[in-house]
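One structure is given here, and the rest of the page talks about it.
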Amino acid sequence: MFSSFFFHPGFLAGGAALIAAPVIIHLINRYRYQRVKFAAMEFLLASQKRNQKKVYFEQLLLLLMRVLIIASIVALISRLMIDPSQMALFQGAQTHHVVLLDDSGSMQERVGDSTAFDEGLKIVEKLVSTGSVAGGTQKFTMLMLSNPDVAVADFNERTIDESLVSDLADMVESKRLKCSYGAPSYSEGLTAVRDVLANNPTGVRQLHLVSDYRKSDWLTQTAILSQLEELSEEGVRVNLVRTTEAKQPNLGIVDLTGMLHAVAAGVPTRMSVIVKNYDEAMAEKVKITITLDGNQLPRTIEIPKIEGGQSATEDFDLVFTSPGIHQVIANLETDALPQDNERFLAVDVGNTNPILIIDETPNGDEGQYLADAISAAPQITGFTTNIAGVDFLRKNSLDPYVLIYLINVGELPEDVLVALDEYVKGGGGLAWFAGEAVRPAYYTEALYKGGEGLYPVPLAPSAQELERDKSAEPGPDLKLANDFDPFKVLVAENGLLTYYISVFKSLVTANDWERDDRKRADRVTTLASLRDGRPIMFIKPYGKGQVFTSLTSAGPMLNRTGIRWNNWPNDPNAMSYTIFHLELAQHLMKTDRRLPEKMVGDPVEITLDPAKYLEEVEVVSPTVDGEQTVRVMATPLATEAADAPEVGDALLMAKFSQTGYPGFYAAKLLTINRQVENKEFAFNAPTSESTLTLATRSELVKKLGEGSSIRIQDAGETAWLAPQEAGQEVRQFLLVLLCVLLMAEQAWSYRLSYHGSGAVGKRMGVGRA
Amino acid sequence: MTQDYKRFLQPDALSRISRLEIQARDVVEGFLTGHHRSPYFGQSIEFVQHREYVAGDDTRRIDWKAWSKTDKYYIKQYEEETNLRTTILLDRSESMQFGSGKTSKFDYGCSIASALSYLLLKQQDAVGMTLFDEKTQVRIPIRSQQNHLGSILTVLATQIPGEKTDLGKVLQQTGHEHRRRGLIVLISDLFGPRDALFKGLKLLRFLGHDVMLFQTLDDQEIDFSFNGTTKFVGLEGAGEVTCDPKSLRVGYLEALEKFQDEIRRFCSAQMVDYQVVRTSSKLDAVLAHYMKHRLGMGVKS
């Protein structure tokens with residue numbers, strides 16, 4: 001019954017027999033005495049009569065001490081394993097080792113011929129191998145940080161024995177345990193550990209957190225240490241096991257991007273690659289190669305130098321010769337951490353990006369100004385424009401357009417409003433520009449709709465002219481927000497590009513409308529205001545799309561009296577007009593044209609309209625061994641989900657979660673007509689894993705506090721693996737107990753035993769009975 | 001036999017005794033001589049009576065004239081001028097056999113008896129001796145001749161203790177045999193029934209004897225410093241006990257002290273001189289005590 005509490009239970013039977021020895025010896029000693037012929041027996045007999053119970057107790061105590069001495073020796077030899085503080089012996093418990101192995105991206109750091117992750121696996125193997133000596137008295141659970149809720153393979157509370165050692169070795173040898181590329185949460189990992197240990201609250205519980213202990217995680221995230229301290233306070237012995245002490249330089253590509261909004265076939269696209277130097281020393285002549293659709297470009301990009309801890313951006317032009325999906329890869333030369341030396345980008349290149357301009361100006365001038373600004377050179381901008389009236393919205397699908405301008409529109413029919421509403425909620429961009437035809441009352445009532453409609457602000461009954469400032473330096477009429485991306489070029493150089501823009505007339509927001517964005521808190525952001533403080537430009541998120549609103553006109557807009565609304569399109573000094581509209585178009589345009597960039601571990605989620613697509617989706621994903629194809633069945637989308645589309649009642653969701661490897665993931669959708677539509681996703685490793693600076697032992701100790709019972713094991717240190725954790729304290733306790741018992745027994749037996757002086761015996765016939 | 005004498009009268013003891021002799025003589029002679037007529041019979045000019053000869057009597061004192069008439073040996077007794085008639089009662093029971101050191105209680109008792117005899121005879125006092133256990137085993141008549149010491153030592157050297165004690169009986173017998181007042185010196189461990197002992201002592205005091213009590217005890221009997229498990233086998237059939245002596249020591253000492261207190265109180269009441277003697281102590285201490293007692297006798301007279 002108690003054999004599970006001993007490392008060497010085979011000694012127990014013999015030990016139990018030995019416990020009888022003191023009893024026998026004690027009984028023998030009772031008959032081993034000196035014999036004295038004595039005269040004063042009268043007094044001795046009287047004393048014996050009085051002290052009989054005391055004598056009996058003394059003898060019994062001596063016997064008990066001798067039995068305990070033998071029992072202690074047997075317990076020591078048999079390696080008794082109990083936790084004296086918890087008296088686990090009586091709770092039928094064993095030692096439970098839970099290994100939480102850090103498989104975050106940084107663990108792929110090369111350490112000599114190995115990696116930090118492989119070093120961690122070696123430690124786990126040693127731990128298991130050492131534990132197997134204990135004869136099945138220890139249990140083992142292994143969790144990976146990237147997926148802590150599920151134990152690795154069948155290593156869940158498994159008894160540590162030879163078969164476990166063999167299974168683990170097989171798994172390591174066959175490379176079935178792989179390091180991830182992501183940045184998993186330590187907090188979630190420790191929560192999972194707590195759950196595992198909570199299932200078995202008795203016995204000795206040990207957590208071995210095998211990690212590289214990077215400074216960015218362990219010295220900044222106090223929550224991790226708090227969780228560890230909590231575990232420790234709950235009686236869990238926490239071992240922080242370091243896998244590497246090496247300090248190595250590392251360069252990583254943190255971004256690969258470009259002017260992709262308007263990318264079009266044959267149009268040179270300005271691309272940027274950003275490289276960060278994670279070392280303290282300067283890196284020189286950093287070479288980057290670019291691969292487009294599997295073909296490495298002949299030109300190598302070289303960054304002359306990157307200061308320690310700094311990033312450098314290098315631009316280059318890339319021409320996508322054909323429409324469709326293209327794959328771009330930027331590569332750095334090999335260094336300590338390979339995963340951040342590659343950066344993937346998928347680009348869906350179209351022929352052009354069409355923009356619809358609805359212009360209700362009688363002669364169509366306003367729209368023409370706009371079209372000239374946006375699509376004068378489609379081979380450069382990638383935009384094409386189509387100018388039409390409101391009826392076009394009723395008769396044509398809006399899906400092909402990435403952006404719709406509504407210029408000087410007086411009223412919109414209800415069905416057009418519905419179509420526009422669906423279009424913007426689905427991700428489309430919408431830009432309102434004012435004009436003479438705009439009826440403020442209608443806009444406020446039918447389009448603003450108390451803040452729920454497509455128009456972001458309520459309007460005052462009539463437009464208002466801006467009084468001219470006749471001073472010598474009147475200042476700009478238009479003040480643009482600095483933090484709105486499309487305005488960043490315009491506000492540069494103290495707003496020189498917009499200084500000469502004159503706004504003569506504009507609509508006015510309603511008097512009772514709160515102009516302060518923070519007080520109003522209706523998600524409408526004021527982007528620009530006039531010299532007199534009137535807000536004039538706004539943006540508002542609407543569904544998945546965005547709505548931009550200008551209270552002045554898009555073009556010069558002459559009124560009946562010949563007064564222009566502004567001079568932006570045609571004033572020679574107002575060259576910013578084209579820039580403004582190109583930037584605005586790129587910002588507002590329908591985002592589903594941009595191929596999503598994802599981090600490893602994020603799921604691929606594709607929403608399908610069952611009216612158009614079949615529910616089966618084929619996903620081609622990269623793996624270490626090459627590509628693999630997985631068929632995913634789409635399931636009905638839960639409408640209560642916060643991010644669920646608001647259109648359609650029976651949308652399907654195809655979800656693919658095995659995205660742990662960086663690279664390109666292709667999804668093939670089948671239409672109901674059996675036509676194949678491709679979607680492409682680029683998955684990259686998170687840059688947070690690229691900082692390889694390690695927290696030193698002293699830093700960790702300082703963070704944990706000097707009095708912490710959490711132990712830190714340095715890389716390469718193996719002494720702690722000796723199979724002593726479970727029984728160590730017991731052995732020390734037993735050794736102390738044994739010493740005390742031996743001393744007490746010696747003193748007591750000396751007091752009670754015969755130390756033959758001989759004189760009495762010789763003279764008076766003293767002898768052995 | 002000469003060797004056996006030395007068992008009880010060691011040279012150093014004799015030397016000390018010789019020194020004491022001067023003091024003793026001063027005490028005895030200075031205190032008693034010429035002050036009164038001895039009430040006891042002794043060897044002097046004035047004849048008193050005849051007595052039948054017993055073994056040990058000096059053959060020179062046989063009245064040959066009376067033998068010629070009666071064909072029996074008679075001793076002529078004269079009015080004695082000696083100062084003191086002392087009877088030494090020496091316990092030779094089995095309990096006196098005990099001794100944790102080189103000397104048993106009996107051996108030590110013999111030494112006391114020998115030394116006292118030597119001292120008394122040196123002072124021209126008469127001394128006799130009775131060795132007893134449950135009854136009188138040997139009786140040595142009271143004599144004052146110097147060669148009487150040899151008779152005493154010869155008897156002592158041949159004694160082997162070995163029977164039970166009956167102090168009461170022996171004391172009563174002594175009382176009956178020694179009607180003439182004198183000094184009775186009892187050398188014993190006194191282990192036995194207290195009532196009988198007290199009864200005997202009372203009788204002796206009633207008969208006018210001065211009584212000195214030397215309770216001879218071994219160091220272990222007084223200190224009880226045995227170690228280790230011990231089986232105590234009682235002498236004189238007093239039973240057996242197997243025990244750890246240390247655990248019983250306190251109780252033992254209390255019982256012994258109670259016993260001695262009882263004797264001490266009795267002796268104090270009966271004006272019996274009581275002295276506990278360790279077998280490891282020097283003999284001169286005993287003799288010094290005796291001399292003190294003799295001075296005390298003078299005061300009492």
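Order of the sequence lines sets the chain letters (A, B, ...), proteins ahead of strands, with each chain counted from 1. Heavy atoms only: backbone and side chains are in, while hydrogens, waters and symmetry mates are out.
- The environment of NZ in B:K246 is crowded: more than 12 heavy-atom neighbours from other residues, nucleotides or ligands sit within 6.0 Å.
- Nearest heavy atoms, A:L45 versus B:E240: CD2-O, 4.4 Å.
- A:A39 and B:E221 make their closest contact through CB-OE2, 3.1 Å (heavy atoms, listed as atom of the first residue, atom of the second, distance).
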Counting only pairs under 3.5 Å, give me each side-chain donor-acceptor contact of residues 167-176 of chain B, with atom names and distances, residues two or more places apart or in other chains.
residue : atom : partner : partner atom : Å
B:Q173  : OE1  : B:T136  : OG1          : 3.2
B:Q173  : NE2  : B:E177  : OE2          : 3.4
B:T174  : OG1  : B:V170  : O            : 2.8
B:H176  : ND1  : B:R179  : NH2          : 3.2

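- Aromatic ring centres of A:F38 and B:F224 lie closer together than 6.0 Å.
- Contacts of residues 737-745 of chain A with chain B at a heavy-atom distance below 4.5 Å are absent; not one residue qualifies.
- The two residues A:N51 and B:G251 make their nearest non-hydrogen contact at ND2-CA, 4.2 Å.
- Interatomic distance, SG of B:C243 versus CG of A:L44, reported as 5.0 Å (0.5 Å rounding).
- The existence of a salt bridge linking B:E254 and A:R50 is confirmed by a sub-4.0 Å separation between a basic side-chain nitrogen and an acidic carboxylate oxygen.
- The CD atom of A:Q34 sits 7.0 Å away from the CZ atom of B:F226 when rounded to the nearest 0.5 Å.
- Taking the six-membered ring wherever Trp is involved, the centroid distance between the rings of A:F43 and B:F191 falls below 6.0 Å.
- One finds the CD atom of A:Q48 at 8.5 Å from the OG1 atom of B:T242 (value rounded to the nearest 0.5 Å).
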Given the rule in the side chain to side chain contact (heavy atoms under 4.5 Å, CB included) test, do A:R35 and B:V233 qualify, once you have shown the distances and angles that lead to the verdict?
-> CA-CA 7 Å; A:R35 190 166 182 273; B:V233 179; 3.8 Å; yes
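- Shown here are the side-chain contact (heavy atoms from CB on, under 4.5 Å) partners of A:S709, two or more places apart in sequence or in another chain: A:S232.
- With chain A as the partner, the residue from B:V241, B:V250, B:D218 showing the most heavy-atom pairs under 4.5 Å is B:V241.
- Residue pairs satisfying the side chain to side chain donor-acceptor pair (under 3.5 Å) criterion with at least one member in residues 184-197 of chain B, sequence neighbours excluded, are listed as follows: A:E42-B:R194, B:D91-B:S188, B:S95-B:D189, B:K105-B:D189.
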